[in-house]
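What follows is a single structure, written as structure tokens, with notes after it.
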Amino acid sequence: MSVKVRFAPSPTGMLHVGNARTALMVWLFARNKGGKFLLRIDDTDQERSKAEYEDAIEESLIWLGLDWDKKANQKDRTALYDAKIEELKSAGRLYACYETPEELGLKRKSQLSRGKPPIYDRGALELSEDEIAKFKAEGRKPHWRFKLEHAPITWNDHIRGEVTFNGGDLSDPVVIRETGLPLYHLCSVIDDIDFGITHVVRGEDHVSNTATHVQMFEALGASAPEFAHNALISDKDGGKLSKRLGSLSILDLRDEEGLEAMAIVSLMARLGTSDPIEVFDNIQPLIDSFDFSKFSRGTPKFDPDEILRLNAKLLHEMDFTDADEKLKALGLNDIDEEFWNAVRPNLERLRDIKDWWNVAKGPVEVTIEDPEFINQAAELLPAAPWSENTWSEWTSAVKENTGRKGKELFMPLRQALTGMDHGPELNQLLLLIGPEKTKERLAHKKAA
Ligand code: GLU
């Protein structure tokens, strides 16, 4: 069987870490199986759907490296939905309901107060022709429900194992609004059949929807696809993803947080699986290692610090050839391989390199706490041209002349040269600063 899957975002908001993880799972599965990945935009709700969100979702997916083989918008497919709705109506699987939201709310309340589950009571099926005529005369427009069979519904979920529902424990889902707008459930099933979707992969918030969908597939003369429902991620403390990086959109993680796509992808692909979380500089190993059986049913916890850790690691291992393009995109055209190699171990985010560039090229604010020592050191500075060994030649001479060693020796030099007490290795940084600026900084001239 050739695999065909879809990722079906509603363009009513940005792509966040949670739904990006679902997109990634769907995509990795497709690529692992040599299958096809469809991007389906669930935009039947034209009031809430916005073109800018659709664009942002596409931009996010592209940036993450998730390409699609085909794209479809539900808003362009209403003729198909209308035809299938007619079929279901003739087969008696859709029925008109006239309750207002307030009436439905009251029914729910009364069921709950009697200790009953709030399942729709199918009151609409009891209406007499007169009552229906009266509602129509009042101008009430019906919404439509799909009539579930009260029979067991079972599927073997790729992540959750065997899942069973009883049709009688579920409310008949509303599939057409009073405005005539067909809703997600039915459109999704019609599309999944029409596009030949073999596996529906989505969040576990859809598990009970799936039970009703299974019957819709059958009512439309199709067999249900296979399903995989992934556990939704929570924040570090088990709460809803809302804090810091977790509540940011993918584009914010790129633009505001300055993170690399592969840091996000690496974490999202492995979170909640039995594989170790490690950073990859390309997506292929993640495709190769993808397997639903590795996913746990437990709630995976998203720790934003982990993304930063992976982001840093990715940069520390990145070759200049890979960094060059990204640096140019940040407007940093003068950084060469020597500078990159010296500074990359100190980067958490790529943009941090600007700070090190300023440290190397100046001007920097330097406060010299021990001028006597620095004066002595300045006099021992080796003559140009400098090499990789200059730092050790210089510090050996300073050590010999002053008797200082270790932190006592290095820290004041670092502070005098950079105005900071941490940073890239000084043997390399010294070369990047160069003899002229080094002399100026040691001569305590401000802003050298
Ligand atoms: N638009 C739905 C959502 O974002 C799609 C769910 C599905 O994959 O069927 O939740």
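Quick note: numbers below take in every heavy atom, side chains included, and nothing from hydrogens, waters or symmetry partners.
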- line: Distance col, row Phe320:CZ vs Leu327:CG, nearest 0.5 angstrom, shows 6.5 Å

statement: Shortest non-hydrogen pair, Thr212 vs Pro173, comes out as CB-CG, 3.9 Å

- request: Report the C-alpha separation of Lys301 and Asp235 in whole Å, then their side-chain angles, then the decisive distance to 0.1 Å, and conclude whether the salt bridge (charged side-chain N to carboxylate O under 4.0 Å, His left out) test is met.
  value: CA-CA 5 Å; Lys301 295 199 169 56; Asp235 70 14; over 6 Å; no

- line: Between Asn346 and Pro424, the two heavy atoms sitting closest are OD1-CA, 3.1 Å

message: Check whether Asp43 reaches the backbone of Gln74 with its side chain - one donor and one acceptor, N or O, closer than 3.5 Å.
response: yes

- request: Taking all heavy atoms of Leu64 and all of Ile283, pick out the closest pair and write down the distance.
  value: O-CD1, 4.3 Å

message: Determine whether Leu308 and Arg349 satisfy the following criterion, side-chain contact (heavy atoms from CB on, under 4.5 Å), listing intermediate values before the conclusion.
response: CA-CA 8 Å; Leu308 288 177; Arg349 297 168 162 90; 3.5 Å; yes

task: Give a yes/no verdict on a cation-pi contact between Lys354 and Trp357, requiring under 6.0 Å between NZ or CZ and the six-membered ring centre and an angle within 45° of the axis.
output: no

task: Kindly say whether Pro11 contributes a backbone atom to a donor-acceptor pair with the side chain of Ser49 at under 3.5 angstrom?
output: no

message: Distance check, rounded to the nearest 0.5 Å: Cys97 atom SG versus His143 atom NE2?
response: 4.0 Å

Qualifying salt bridge (Lys or Arg N to Asp or Glu O under 4.0 Å) pairs, either residue in residues 274-284, two or more places apart: Arg270-Asp275, Arg270-Glu278, Asp275-Lys294

Where Trp391 and Leu417 come nearest, the two heavy atoms and their spacing: CZ3-CD1, 4.5 Å

message: Going by the rule salt bridge (charged side-chain N to carboxylate O under 4.0 Å, His left out), which residues pair with Arg297 if we only count those two or more places apart in sequence or in a different chain?
response: none

- request: Go through Trp27 and Leu39 one step at a time and tell me if the side-chain contact (heavy atoms from CB on, under 4.5 Å) criterion holds.
  value: CA-CA 10 Å; Trp27 188 91; Leu39 173 62; over 6 Å; no

message: Counting only heavy atoms not in Glu138 (residues, nucleotides, ligands), do more than 12 fall under 6.0 Å from its CD?
response: yes

task: Under the salt bridge (charged side-chain N to carboxylate O under 4.0 Å, His left out) rule, collect the residues that match up with Glu149, sequence neighbours excluded.
output: Arg93

task: In sequence, state the C-alpha distance, the side-chain angles, and the governing distance for Leu38 and Val5, and then conclude on side-chain contact (heavy atoms from CB on, under 4.5 Å).
output: CA-CA 6 Å; Leu38 164 76; Val5 287; over 6 Å; no

- request: Before giving the answer on salt bridge (charged side-chain N to carboxylate O under 4.0 Å, His left out), spell out for Arg309 and Glu306 the whole-Å C-alpha distance, their side-chain angles and the decisive distance to 0.1 Å.
  value: CA-CA 5 Å; Arg309 187 177 64 74; Glu306 191 140 38; 3.1 Å; yes

message: Taking Lys50 first and then Glu52, would you say they form a salt bridge - that is, a charged N and a carboxylate O separated by under 4.0 Å?
response: no

message: I need the minimum non-hydrogen distance between Ala263 and Ile307, along with the two atoms involved.
response: CB-O, 4.2 Å

message: According to ring-ring contact (aromatic ring centres under 6.0 Å, His included), does anything in residues 168-198 pair up with another residue at least two apart or in another chain? List the pairs.
response: Tyr184-His206, Tyr184-His213, His185-His213

- request: Can you sort out the partners of Asp352 under salt bridge (charged side-chain N to carboxylate O under 4.0 Å, His left out), two or more places apart, ordered by chain and number?
  value: none

statement: Applied to residues 40-65, the ring-ring contact (aromatic ring centres under 6.0 Å, His included) test, sequence neighbours excluded, yields none

Spacing of CD1 belonging to Ile287 relative to CZ belonging to Arg31, to within rounding of 0.5 Å: 7.5 Å

- request: State, yes or no, whether a side-chain contact exists between Thr44 and Tyr81 at a heavy-atom distance under 4.5 Å.
  value: yes

message: Between Gln215 and Phe146, is there a side-chain heavy-atom distance shorter than 4.5 Å?
response: yes

message: I'd like to know if the side chain of Asn311 pairs up with that of Glu257 as donor and acceptor (distance under 3.5 Å, no hydrogens or angles considered).
response: no

- line: By salt bridge (charged side-chain N to carboxylate O under 4.0 Å, His left out), Glu317 pairs with (sequence neighbours left out) Lys313

query: At what distance, to the nearest 0.5 angstrom, does CZ of Phe7 lie from CG of Asp42?
result: 9.5 Å

query: Looking only at side chains, do Arg40 and Ser188 share a donor and an acceptor under 3.5 Å apart?
result: yes

- prompt: Sequence neighbours excluded, which residues qualify as side chain to side chain contact (heavy atoms under 4.5 Å, CB included) partners of Asp157?
  reply: Trp155, Ile159, Arg160, Val163, Phe227, Ala228, His229

query: Under the salt bridge (charged side-chain N to carboxylate O under 4.0 Å, His left out) criterion, do Arg108 and Glu102 qualify, and how do the steps go?
result: CA-CA 10 Å; Arg108 269 177 74 89; Glu102 293 73 30; over 6 Å; no

query: If you round to the nearest 0.5 Å, how far is CD1 of Ile193 from NZ of Lys84?
result: 7.0 Å

statement: Tightest non-hydrogen contact, residues Ile250 and Ala20, listed as CD1-CB, 3.7 Å

- prompt: Side chain of Asn73, backbone of Lys75: donor and acceptor closer than 3.5 Å?
  reply: no

- line: In short, side-chain hydrogen bond (donor to acceptor under 3.5 Å, both in side chains) pairs touching residues 410-427 with sequence neighbours left out are none

- prompt: Does anything in residues 274-297 pair up under ring-ring contact (aromatic ring centres under 6.0 Å, His included), and if so which pairs, sequence neighbours excluded?
  reply: Phe29-Phe292, His158-Phe292, Phe290-Phe292, Phe290-Phe295

task: Check the pair Met420 / Trp356 against side-chain contact (heavy atoms from CB on, under 4.5 Å), numbers first and verdict last.
output: CA-CA 11 Å; Met420 298 175 76; Trp356 297 119; 3.8 Å; yes

query: Going from CD on Glu87 to CD1 on Ile190, what distance comes out if it is rounded to the nearest 0.5 angstrom?
result: 8.5 Å

field: Listed once per pair and sorted, the side-chain hydrogen bond (donor to acceptor under 3.5 Å, both in side chains) pairs that draw on residues 165-179, sequence neighbours left out
entry: Tyr95-Asp172, Arg122-Asp172

task: Would you check, one step at a time, whether the test salt bridge (charged side-chain N to carboxylate O under 4.0 Å, His left out) holds for Arg254 with Glu59?
output: CA-CA 11 Å; Arg254 179 188 71 180; Glu59 192 178 340; 2.8 Å; yes

message: Is it the case that over 12 heavy atoms from other parts of the model lie below 6.0 angstrom from the NZ atom of Lys71?
response: yes

query: Pairs in or reaching into residues 318-327: which pass salt bridge (Lys or Arg N to Asp or Glu O under 4.0 Å), with residues at least two apart or in two chains?
result: Glu260-Lys326, Asp324-Lys328

task: Can you establish whether the number of heavy atoms outside Lys136 located under 6.0 Å from its atom NZ is more than 12?
output: no

task: Can you establish whether the number of heavy atoms outside Arg351 located under 6.0 Å from its atom CZ is more than 12?
output: yes

- prompt: Side chains of Ile264 and Leu253: closer than 4.5 Å at any heavy-atom pair?
  reply: yes

